[in-house]
Amino acid sequence: MIVQAFTEPGEGVLIQPPVYHPFKRTIASWHRTVIENPLVERNGRYEIDFADLEEKARQAKVMFLCSPHNPVGRVWTEEELKRIGEICMRHDVLVVADEIHSDLVFAPHRHIPFASLDPVFAARSITCAAPSKTFNLAGLNTAYIIAEDDDLRRKYQSASARAAMAELNVFGVEAMIAAYNDGENWLDELLRYLAGNLDVMESFLQQNVPEVRMFRPEGTYLVWLDFRALGLSPKELDQFLIEEAHLGLNEGHLFGREGEGFQRMNIACPRALLEQGLHRLAKAVDARRKG
């Protein structure tokens with residue numbers, strides 16, 4: 001809806017790959033120009049190339065900011081978000097902050113809503129959110145946007161109404177209210193459990209599958225895994241995981257060419273299931289080592 005409401009065919013929408021792949025697909029499907037500001041990996045952590053962002057922002061009408069970032073798991077700092085905002089304001093770029101994973105952040109990291117940092121940022125941004133990732137309510141269609149500026153909000157509502165997507169269902173509304181009002185203790189327990197899953201996974205890979213490098217997420221329940229040491233092409237890696245390890249992960253190349261050689265794994269599951277998957281991976285890699 002935002003792509004249709006705030007851009008015209010041929011205009012640029014900026015993304016930061018490797019990133020949630022429907023961004024690129026949606027931009028391209030509406031005949032807008034995909035502008036990429038690839039993240040840069042430094043010492044096992046992804047960072048923003050701000051010099052490149054400054055240059056690319058000159059070509060963009062809108063920026064999709066994934067915060068926390070899916071799939072690399074970064075929780076952007078206040079300094080990083082302010083620099084993004086300053087660049088986008090300087091070039092009159094509307095910031096669309098996808099903050100759907102904002103509740104799923106591991107201490108000591110802290111999610112900072114982009115629009116909260118400056119009234120100017122709030123006036124030139126739209127925040128997208130939902131309880132679906134936190135409380136597993138995706139099937140209830142409870143996504144929402146926050147737009148402080150009346151004109152931005154009206155344009156979005158008009159595009160949404162034209163597509164007959166402007167209404168929620170009663171069951172979804174009540175579920176969202178219940179989750180946000182009464183789900184805090186459950187969420188605290190969930191975060192502790194997810195952190196435990198990450199500990200198990202990190203230790204297991206280091207001890208048993210050192211060829212696979214794990215980027216421990218600062219937020220989200222998604223883990224970005226680097227399989228490049230196995231020396232497989234993207235297609236070979238996909239086949240290896242499915243046919244030899246019997247695992248269904250998200251293929252890294254879907255997130256952009258920067259994701260080639262990587263895979264995304266969801267660890268929001270019972271620990272026994274996670275351990276089963278890790279043992280499958282270790283067995284398959286060991287068999288490959290032995291030829």
Side-chain angles (χ1 to χ4, degrees), residues 15-24 38-41 44-48 63-78 80-81 84 95-114 116 127-139 142-144 179-180 183-184 186-202 204-205 212-227 247-256 258-259 262-271 273-274 277-278:
I15 61 175
Q16 295 178 302
V19 72
Y20 182 60
H21 46 85
F23 284 178
K24 185 173 184 177
L39 299 179
V40 178
E41 185 216 326
R45 188 169 185 258
Y46 281 88
E47 298 177 359
I48 296 168
M63 175 181 180
F64 284 173
L65 170 64
C66 199
S67 177
H69 192 281
N70 168 14
V72 307
R74 275 299 317 278
V75 174
W76 305 119
T77 64
E78 181 174 346
E80 288 170 321
L81 291 169
I84 291 169
V95 176
V96 179
D98 172 8
E99 301 187 4
I100 198 168
H101 287 101
S102 60
D103 298 321
L104 299 163
V105 172
F106 304 105
H109 305 285
R110 181 172 66 92
H111 173 73
I112 302 171
F114 175 79
S116 71
T127 300
C128 300
S132 55
K133 301 301 182 187
T134 309
F135 298 104
N136 203 21
L137 300 180
T142 50
Y144 55 90
Y180 282 149
E184 188 171 355
W186 180 88
L187 176 56
D188 289 342
E189 292 181 19
L190 172 66
L191 287 169
R192 285 193 290 272
Y193 194 89
L194 292 176
N197 275 1
L198 291 173
D199 289 341
V200 167
M201 185 176 187
E202 191 169 45
F204 184 92
L205 291 176
V212 178
R213 189 164 58 124
M214 169 183 166
F215 289 80
R216 183 167 180 133
E218 299 168 355
T220 84
Y221 48 71
L222 304 165
V223 180
W224 193 233
L225 297 171
D226 182 356
F227 287 85
L247 293 174
L249 308 185
N250 294 115
E251 301 96 325
H253 54 82
L254 295 178
F255 299 86
E258 294 80 9
F262 293 78
Q263 297 271 322
R264 189 186 73 172
M265 186 171 183
N266 184 337
I267 55 93
C269 60
R271 193 158 299 150
L273 184 62
L274 173 63
L278 291 171

(request) Nearest 0.5 Å please: distance from the CD1 atom of I15 over to the CG atom of D98. (result) 12.5 Å

(request) Can you establish whether the number of heavy atoms outside E184 located under 6.0 Å from its atom CD is more than 12? (result) no

(request) Can you measure from CZ (F106) to CG (L198) and round to the nearest 0.5 angstrom? (result) 5.0 Å

(message) The criterion is side chain to side chain donor-acceptor pair (under 3.5 Å); which residues satisfy it with K24, sequence neighbours excluded?
(response) E36

(message) What I'd like to find out is whether the side chain of L190 reaches to under 4.5 Å of the side chain of Y221, using heavy atoms alone.
(response) no

(message) Using a 6.0 Å cut-off, check whether atom CZ of R110 has over 12 heavy atoms from anything other than its own residue.
(response) no

(request) Evaluate the side-chain proximity of F215 to R74: yes if any heavy-atom separation is below 4.5 Å, no if none is. (result) no

(request) State whether the side chain of Y193 and the backbone N or O of R271 hold a donor-acceptor pair below 3.5 Å, judged by distance alone. (result) yes

(request) Determine yes or no for a side-chain-to-main-chain donor-acceptor pair under 3.5 angstrom, with N197 supplying the side chain and C269 the backbone. (result) yes

(message) Taking OH in Y20 as the centre, count heavy atoms belonging to other residues, nucleotides or ligands within less than 6.0 Å. Is the count above 12?
(response) no

(message) Taking ring-ring contact (aromatic ring centres under 6.0 Å, His included) as the definition, give me every residue that meets it alongside F255, ordered by chain and number, with sequence neighbours left out.
(response) H21, W224

(message) For N136, I'd like to know if atom CG has over 12 heavy atoms of other residues, nucleotides or ligands within 6.0 Å.
(response) no

(request) Answer whether the closest heavy-atom distance between the side chains of E258 and L39 falls below 4.5 Å. (result) no

(request) Using a 4.5 Å cut-off on heavy atoms from C-beta on, say whether the side chain of M201 contacts that of L225. (result) yes

(request) Compare all side-chain heavy atoms of C66 with those of F23 and state whether any distance is below 4.5 angstrom. (result) yes

(message) Just checking W186 against F135, ring centres under 6.0 Å apart?
(response) yes

(request) Please examine the side chains of C128 and I100, heavy atoms only from C-beta on, and report whether any two atoms are closer than 4.5 Å. (result) no

